[in-house]
Amino acid sequence: MKAWEATIRKTQQAKKQATNIFGSAHVAHVDDEDTDQLENHAAGEIYHAERFLSNGDYYTGNWSENFPHGFGKYWWTDGCMYVGDWCRGKTMGRGTFSWPSGASYDGEFKSGYMDGEGTYTGPNGDTYRGHWVMNLKHGHGVKEYTNGDTYEGEWCRGLQEANGKYNWKGGSHYDGEWKNGTMSGKGKLIWPDGSMYEGEWEECLPKGNGTFQWADGSSYVGNWSTDSGEQDLTFNPSSDDVKHDPQEVFDVYLKDCFISPQDKVPILPSQKKLAIWRSSKGTEPSVRPRRMSVDGRLDASMDKDLARMRMLDDTERTMKARDDASLISGNALSEGSPIRLPKVVKKQGETISKGHKNYELMLNLQLGIRHSVGRPGPVPSLDLKSSAFNPKEKVWTRFPPEGSKYTPPHQSCEFRWKDYCPLVFRTLRMLFKVDAADYMLSICGNDALRELSSPGKSGSFFYLTHDDRYMIKTIKKAEVKAILRMLSAYYNHFRSFEHTLLTKFYGLHCVKLTGPAQKKVRFIIMGNLFCTDHVIHRRFDLKGSSLGRITDKPESEIQTTTILKDLDLNFMFRLEKTWIEEFRRQIDRDCDFLEQERIMDYSLLVGLHFKDTNSDLGTSVANLSL
């Protein structure tokens, strides 16, 4: 290993033009000798190769058509290493991935992910043997902790779920149901002295109907809760007639029965990047090797038709339009053509005034939000319990026209209002630094909302607040379920990555109209990406596809509110090196999150502001929207 590392260091010193992980800087080509070696092999031929990268990475193993293909070893300069099967640059099959911390995974890989049967050993010695899906423990598995605890059972998205058995080092063991990594549902816990609790659990504590039996035979039967006021228990004494306090269960017996925390992996195998070698002979000097992640996604650029966001050198002062008439059919801007910038930009949408078909719905929505946000409560903690994310965590409120003890009188018809996971969204608003008074003023002030026609195929209606800060979208029941399912992961993602490009969600609600119709309208409140101090002259919805991704409108008909698509984007962007690096890094994180949540239909929203009619790009904003 030392000789290997010495070779790597020599290679690094010889090749000064190292690339960063996102390929923003120039990357030196492989040596001519290596290039000749590549070109001397027939297409599709698999052969052994050894590759030294200019950034210090090293690969040795089977090779085919500029990709690791077959069995090989890849060593990253940060100390991570993969030894195993490859398929056209992707870790695919059986292999071992090791981290510099001493952690390792030995098992099956699919498209760069730990996926299938495998064993992970953490840096502290914790070991998991079982099934994986996309880097997460998912299916049946056994976890052995260094403190002597063990768990055997089912996993879901990295946490214990459904049925499983947990054994503590001290001899206690729980056998029953789990939810989100906690003992929840029906289960039995037996202590070494013979005492036992069998019944319902919630977040590792007895909650609901159950029986606790002491070793002497005495027991408490009934409804259990940490709140003594909610307890309803009947004591059954033993022959010794010894009286027990039910609080002993919480203060003594459960004191040491905590679940060991899960491993935290600093970087996942699918997030590692590797360089793709290309011959420099017969190509332009500006052609640079592209980098890709081990799950096969190109990192430095998209397909040929989609490689439209390119950086120019720092010496270039202006943006140039791309001459690509064959792709854009003359509808988008050709190089040098001016953009007509309107002097006055009208606000989007139709104001919902009295007589509008959705006027009462708007009043109901404003009343409900004012009630939800204005409801007094303690300042929430950022460390939320798993119960806060329970899809059943919702609050119904009745709004009669004459008012009630908790609701004001109003001029609309009677309706019911539902808040989904109110504590979570209250905490999200705090995390997003949203002032409650300003939030209510934007949505529930004296100004009416504006209704937009649906720009997509979903058939949803969109509403904008008067100050353009918030957008309200009607959604279907299935979409509500999907949001609630991913809410915990979504919350944790925003806590981990402050500059994520994901859409910010501020509230999830439902209005149920009373009467014969019994109509339910579900909607979500989101941040409006295009609420800026600059006029947004061009708006793009980018999906990373070329199929049907063009707007059939001449330049004269394109308005500031027109939603343009991938093939309409014919600009190149000059960005600071650190900006593009962080942007690409965050895109990777967000796409990994969406992929893990099994979400496919998402796009990157981009807004452009031009300083003047010479098409100099002044400002751009971007957001990854579901």
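If you're wondering where the values come from, they're calculated on a predicted model, not measured in any experiment.
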- Got a sec, which residues hit side-chain contact (heavy atoms from CB on, under 4.5 Å) with Q247, two or more places apart in sequence or on another chain?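 In terms of side-chain contact (heavy atoms from CB on, under 4.5 Å), with neighbours along the sequence ignored, Q247 is linked to D245, F250, D251.
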- Message: If the condition is side-chain contact (heavy atoms from CB on, under 4.5 Å), which residues does D467 pass it with, not counting sequence neighbours?
- Response: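 For D467, the residues satisfying side-chain contact (heavy atoms from CB on, under 4.5 Å) (neighbours in sequence not counted) are S442, T465, R469.
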Give, for atom [atom1] of [X] and atom [atom2] of [Y], the distance between the pair rounded to the nearest 0.5 Å.
X    : Y    : atom1 : atom2 : result
Y506 : R429 : OH    : CZ    : 10.5 Å
N135 : Y113 : CG    : OH    : 6.5 Å
L268 : R589 : CG    : CZ    : 12.0 Å
T500 : F494 : OG1   : CZ    : 5.0 Å

- Message: Between Y470 and Y439 (judged by ring centroids, cut-off 6.0 Å), do the two rings come close enough to count as a pair?
- Response: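 Yes: the rings meet the under 6.0 Å criterion.
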- Query: Does the separation of the ring centres of F212 and Y253 fall below 6.0 angstrom?
  - Reply: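 Yes; Y253 has its ring centre under 6.0 Å from that of F212.
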Would [X] and [Y] pass as an ion pair if we require N to O under 4.0 Å?
X    : Y    : value
E200 : K179 : no
D227 : K207 : no
R157 : E597 : yes
D601 : K543 : yes

When you measure from the side chain of [X] to the backbone of [Y], do you find a donor-acceptor pair of N or O atoms at a distance under 3.5 Å?
X    : Y    : answer
H138 : V133 : no
R549 : D541 : yes
N223 : E230 : yes
T560 : I536 : no

- Message: Quick one, D590 with H493, criterion side-chain hydrogen bond (donor to acceptor under 3.5 Å, both in side chains). Give me CA distance, side-chain angles, the key distance, then yes/no.
- Response: CA-CA 8 Å; D590 293 340; H493 189 79; 2.7 Å; yes
Would you say that more than 12 heavy atoms from the other residues, nucleotides or ligands in this model lie under 6.0 Å from the [atom1] of [X], or not?
X    : atom1 : answer
L547 : CG    : no
K186 : NZ    : no
D438 : CG    : yes

Donor-acceptor pairs are to be reported for all side-chain atoms of residues 393-402 against protein atoms at under 3.5 Å, with residues two or more places apart or in another chain.
residue	atom	partner	partner atom	Å
R398	NE	E414	OE2	2.9

- D115: what forms a side-chain hydrogen bond (donor to acceptor under 3.5 Å, both in side chains) with it, not counting sequence neighbours?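 Expected list: none.
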- Taking side-chain hydrogen bond (donor to acceptor under 3.5 Å, both in side chains) as the test, write out the residues that go with Y128, two or more places apart.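 Y128 satisfies side-chain hydrogen bond (donor to acceptor under 3.5 Å, both in side chains) with no other residue.
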- With sequence neighbours excluded, tell me which residues meet salt bridge (Lys or Arg N to Asp or Glu O under 4.0 Å) with R370.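 In terms of salt bridge (Lys or Arg N to Asp or Glu O under 4.0 Å), with neighbours along the sequence ignored, R370 is linked to no residue.
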- Item | Least distance between heavy atoms, Y197 atom then G208 atom |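 Shortest heavy-atom separation between Y197 and G208 comes out as OH-O, 4.2 Å.
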- Heavy-atom pair with the smallest gap, counting every atom of Y166 and I259: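 Nearest heavy atoms, Y166 then I259: CE1-CG2, 3.9 Å.
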- Starting from the C-alpha separation in whole Å, work towards a yes-or-no answer on salt bridge (charged side-chain N to carboxylate O under 4.0 Å, His left out) for D383 and R495. CA-CA 10 Å; D383 297 319; R495 285 199 66 184; 2.9 Å; yes
- Among L484, L423, L487, N492, find the residue that satisfies the side chain to side chain contact (heavy atoms under 4.5 Å, CB included) test when tested with F389.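 Single side chain to side chain contact (heavy atoms under 4.5 Å, CB included) partner of F389 among L484, L423, L487, N492: L487.
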